[in-house]
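Data first, discussion second: the structure below is written as structure tokens.
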Amino acid sequence: MSGPILRVEGLHKSFGEREVLRGIGLEVAAGEVVVVIGPSGCGKSTLLRCLNHLETPTRGRIWLRGELLGMREKDGRLVPRPEPEVDRQRTHIGMVFQRLNLFPHMTALGNVIEAPMRVKGLSRTQAEERGLRLLERVGLLDRKDEYPARLSGGQQQRVAIARALAMEPEVMLFDEPTSALDPELADEVLQVMQALAREGMTMVVVTHEMEFARAVAHRVLVLEAGVILEQGPPSLIFTRPSQPRTREFLRKVLHLRADENP
């Protein structure tokens, strides 16, 4: 298919009178890694939750491979898709959350195989074969029978990545997956994400890990007060940002002095 794998047009999201997203437009190509940065409260997590329809946009449209996400056209207007159709669409979009939200009563392997069996109808044998491959891919094959309480935070997050990959998504969304982790454990997760990027996985990543963004992103998108302030390759955003607000934000997160660039 030509054109972007993910396209967003005029995306608005309000919670009551508070408008969190204000007209976001975005295209993501297959195999592209887009990293979203910006100050707390600027709408980054809300954007990701709209991209897989965990939040219903107030206005705007989102397409996944040319198909309207969460909505369909009927008699010249947009109407919500039935929930089973939305669930089907979500199977193409994996998401890893900030919180370590594994099922505590299931082993690492059990967490990975549950959705492929329940949602995709795989047999236990098929699901386990896939699950074991994925646990090996994230470096946790030897912990397949452990329950989450016996895993470190970094290990739990790697299981969460394997669980998302088990549905064979076309796009992976990451919502600050290392924010709850110590630096050493965060590095374990970032290495897995870097490997996914090298393998050509389409990814949209919300993170405060600026070195990860420098190393892996094809494009960095700066969000401010619900709008895209600027975007571009990391070589440009991190050295010659065009917006004063971007320079101010980067100075804070990179702990630069006022006389240092950017």
Side-chain angles (χ1 to χ4, degrees), residues 4-8 11 20-51 94-98 153-154 157-158 161 171-262:
I5 188 171
L6 192 65
R7 182 159 69 94
V8 181
L11 178 62
V20 178
L21 299 177
R22 302 187 291 133
I24 298 291
L26 175 65
E27 292 188 352
V28 181
E32 186 178 18
V33 179
V34 176
V35 172
V36 184
I37 65 173
S40 296
C42 69
K44 302 186 298 293
S45 293
T46 300
L47 172 60
L48 283 198
R49 292 176 66 85
C50 286
L51 291 183
M95 187 159 182
V96 178
F97 297 88
Q98 181 176 338
Q157 200 62 298
R158 283 187 279 158
I161 293 173
V171 179
M172 283 286 287
L173 309 177
F174 293 87
D175 187 8
E176 299 195 34
T178 61
S179 65
L181 304 177
D182 293 332
E184 184 176 351
L185 300 181
D187 190 58
E188 298 174 359
V189 176
L190 293 172
Q191 287 181 30
V192 172
M193 294 169 64
Q194 288 174 327
L196 290 176
R198 288 194 298 269
E199 293 164 11
M201 173 63 71
T202 307
M203 299 162 60
V204 181
V205 183
V206 167
T207 186
H208 288 295
E209 301 281 355
M210 298 299 144
E211 289 308 311
F212 171 84
R214 285 181 189 267
V216 177
H218 295 102
R219 182 161 39 114
V220 176
L221 187 153
V222 184
L223 212 60
E224 166 72 8
V227 300
I228 296 175
L229 192 61
E230 61 179 307
Q231 58 183 305
S235 59
L236 178 65
I237 295 297
F238 286 109
T239 60
R240 299 187 305 280
S242 63
Q243 298 297 319
R245 185 67 185 93
T246 303
R247 291 194 290 273
E248 178 187 348
F249 169 73
L250 290 174
R251 284 197 183 101
K252 288 181 179 178
V253 297
L254 297 175
H255 306 293
L256 299 176
R257 300 191 310 271
D259 60 342
E260 291 182 290
N261 288 326

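Keep in mind it's a predicted model, so treat the numbers as computed, not measured.
Taking R240 as the reference, L236 meet the side-chain contact (heavy atoms from CB on, under 4.5 Å) condition, with sequence neighbours excluded. D182 pairs by the side-chain hydrogen bond (donor to acceptor under 3.5 Å, both in side chains) definition with nothing, not counting sequence neighbours. Every residue two or more places apart in sequence or in another chain was checked for a side-chain hydrogen bond (donor to acceptor under 3.5 Å, both in side chains) with E184, and none qualifies. Partners of T246 under the side-chain hydrogen bond (donor to acceptor under 3.5 Å, both in side chains) rule, at least two apart in sequence or in another chain, are E230. Applying the side-chain contact (heavy atoms from CB on, under 4.5 Å) test to V192 and every residue at least two apart in sequence or in another chain returns V138, R158, I161.
Between V171 and V28 there is no side-chain heavy-atom pair separated by less than 4.5 Å.
Going from atom CZ of F97 over to atom CD of Q157 covers 10.5 Å, rounded to the nearest 0.5 Å. Rounding to the nearest 0.5 angstrom, the gap separating the SG atom in C50 from the CG atom in L21 is 5.5 Å.
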Distance-only criterion, 3.5 Å: show the donor-acceptor pairs between side-chain atoms of residues 36-48 and protein atoms not counting sequence neighbours.
{"from": "K44", "atom 1": "NZ", "to": "G38", "atom 2": "O", "distance (Å)": "3.0"}
{"from": "K44", "atom 1": "NZ", "to": "P39", "atom 2": "O", "distance (Å)": "3.1"}
{"from": "S45", "atom 1": "OG", "to": "D175", "atom 2": "OD1", "distance (Å)": "2.8"}
{"from": "S45", "atom 1": "OG", "to": "D175", "atom 2": "OD2", "distance (Å)": "3.0"}

May I have the list of side-chain donor-acceptor pairs in residues 206-214 shorter than 3.5 Å, sequence neighbours left out?
{"from": "T207", "atom 1": "OG1", "to": "E209", "atom 2": "N", "distance (Å)": "2.9"}
{"from": "E209", "atom 1": "OE2", "to": "T178", "atom 2": "OG1", "distance (Å)": "3.1"}
{"from": "E211", "atom 1": "OE2", "to": "R214", "atom 2": "NE", "distance (Å)": "3.4"}

Going by atom type alone, with no hydrogens or angles, which donor-acceptor pairs under 3.5 Å involve a side-chain atom of residues 193-203 and a protein atom two or more places apart or on another chain?
{"from": "E199", "atom 1": "OE1", "to": "R137", "atom 2": "NE", "distance (Å)": "3.3"}
{"from": "E199", "atom 1": "OE1", "to": "R137", "atom 2": "NH2", "distance (Å)": "2.4"}
{"from": "T202", "atom 1": "OG1", "to": "G31", "atom 2": "N", "distance (Å)": "2.7"}

Anything under 3.5 Å between a donor and an acceptor, one on a side chain of residues 218-229, the other on a protein residue two or more places apart or in another chain? List them.
{"from": "H218", "atom 1": "ND1", "to": "V33", "atom 2": "N", "distance (Å)": "2.8"}
{"from": "R219", "atom 1": "NE", "to": "E32", "atom 2": "OE2", "distance (Å)": "3.0"}
{"from": "R219", "atom 1": "NH1", "to": "Q231", "atom 2": "OE1", "distance (Å)": "2.6"}
{"from": "R219", "atom 1": "NH2", "to": "E27", "atom 2": "O", "distance (Å)": "2.5"}
{"from": "R219", "atom 1": "NH2", "to": "E32", "atom 2": "OE1", "distance (Å)": "3.1"}
{"from": "R219", "atom 1": "NH2", "to": "E32", "atom 2": "OE2", "distance (Å)": "3.1"}
{"from": "E224", "atom 1": "OE2", "to": "R245", "atom 2": "NE", "distance (Å)": "3.3"}

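Residue P177 comes nearest to L181 through the heavy atom pair O-CD1, 3.9 Å, listed as atom of the first residue, atom of the second, then distance.
Judged by distance alone, the side chain of Q191 and the main-chain N or O of A186 form no donor-acceptor pair under 3.5 Å.
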